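What follows is a single structure, written as structure tokens, with notes after it.
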Amino acid sequence: MTSRPPFPEVSALSIGGFVRDDTPTPEVDRREAVLASLAGTVRELVDAAIRTTVDDGEVHRIRDDLAGLVDRLRASQLPGPAGVRFNGEMRAWNWGNAVVGAANAIAPPLEVVHDASGCHADVVLGAAYEGPPGLVHGGVSAMLLDHIMGVTASAMRRTTFTGTLTMRYRRGTPLGPLRLEASIAREEGRKVFVVASIADADGVTVEADGIFIEPAGLRIDPQEQTSA
Ligand SMILES: CCCCCCCCCCCCCC(=O)SCCNC(=O)CCNC(=O)[C@H](O)C(C)(C)COP(=O)(O)OP(=O)(O)OC[C@H]1O[C@@H](n2cnc3c(N)ncnc32)[C@H](O)[C@@H]1OP(=O)(O)O
């Protein structure tokens with residue numbers, strides 16, 4: 001669910017940990033849309049479950065119905081997490097990602113947009129992300145900022161890991177519509193210094209700065225990856 005800037009030459013990319021998978025892009029797009037549709041409904045389910053006031057008997061009947069649906073999904077499963085894959089056109093997909101995964105109902109999902117100064121994302125956080133009453137959980141704020149800062153640091157041309165992440169919670173972040181922004185402050189060798197914020201309609205609620213590091217020896221030429 002991340003918008004893509006123009007691709008650099010494949011040989012210029014550093015994609016440690018990604019798995020080369022030569023599924024054609026139209027097929028990736030088709031399957032992603034199918035799984036996103038399911039995740040959207042599951043996300044609705046999570047919100048509905050949190051906020052339901054139906055009686056106990058109805059809750060138990062719904063639970064039993066859902067257990068049957070889980071069994072149907074379990075009929076064919078990946079052996080582990082979804083991972084991150086990319087094909088020869090550098091179409092990347094990370095359907096299980098906690099923040100942007102198309103198949104992950106836990107992900108809001110964040111739709112990260114690359115812009116002239118870095119990245120931004122508009123998101124609406126509902127009851128599933130609550131910490132203090134009516135406010136976003138501080139760990140959720142950190143998770144979303146970590147992701148958009150990592151995407152900003154990687155700039156779709158290198159792999160960076162979060163080294164240090166510092167948060168300043170200036171005031172409570174209300175559930176509802178929010179805007180995240182991130183930009184690169186400076187770079188020193190393999191270290192990328194990123195600043196970011198979350199804002200509501202009244203201004204910034206959380207500020208973050210982080211050091212994202214391109215690990216030594218993690219540069220992997222995607223041409224050398226075997227199809228999986
Ligand atoms: C097409 C491509 C698209 C890609 C899109 C991807 C988007 C993904 C978005 C995902 C977003 C989500 C993102 C996530 O969730 S990433 C998941 C959370 N992060 C981790 O799991 C990272 C775990 N740690 C490590 O892997 C290593 O320790 C790292 C990689 C961090 C460094 O290990 P490495 O062995 O390489 O380091 P080095 O010892 O050679 O030191 C190198 C320099 O760095 C300095 N340093 C070291 N550690 C830290 C530190 N903790 N803070 C500050 N600075 C540190 C050090 O002093 C030195 O500086 P200098 O002396 O040179 O000045």
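Residue indices begin at 1 and follow the sequence shown. One-based numbering, in listed order, for ligands and for the atoms of each. Note that the coordinates shown come from a computational prediction; the quantities given were computed from them, not determined experimentally.
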Which atoms of ligand 1 are found less than 4.0 Å from any heavy atom of T164?
50 (C), 51 (N), 52 (N), 53 (C)
Evaluate A216 for polar contact with ligand 1, using N/O atom pairs at a separation under 3.5 Å.
yes
Got an N/O contact under 3.5 Å between I213 and ligand 1?
no
Test: R91 and D29 ion pair at under 4.0 Å:
yes
Lys/Arg N to Asp/Glu carboxylate O, D65 vs R63, below 4.0 Å:
no
Please report, to 0.1 Å, the donor-acceptor pairs under 3.5 Å made by any side chain of residues 118-131, with sequence neighbours excluded.
| unit_1 | atom_1 | unit_2 | atom_2 | d |
| --- | --- | --- | --- | --- |
| H120 | ND1 | D115 | OD2 | 2.6 |
| D122 | OD1 | R179 | NH1 | 3.0 |
| D122 | OD2 | R179 | NH1 | 3.0 |
| Y129 | OH | I106 | O | 2.7 |
| E130 | OE2 | G134 | N | 2.7 |

Using a 4.0 Å heavy-atom cut-off, which part of S154 comes near ligand 1: side chain, backbone, both, or neither?
side chain
Any chance the side chains of W93 and E32 put a donor and an acceptor closer than 3.5 Å?
no
Between D200 and T205, does any side-chain donor sit less than 3.5 Å from a side-chain acceptor?
no
Check step by step if side-chain contact (heavy atoms from CB on, under 4.5 Å) holds for F86 and V84.
CA-CA 7 Å; F86 67 96; V84 184; over 6 Å; no
Check for me whether T159 has a heavy atom closer than 4.0 Å to any atom of ligand 1.
no
Closest to atom 12 (C) of ligand 1 (judged by heavy-atom distance), picking from V112, L145, V84, D146:
D146
In terms of its nearest heavy atom to atom 37 (O) of ligand 1, the top option of R158, R190, E188, K191 is R190
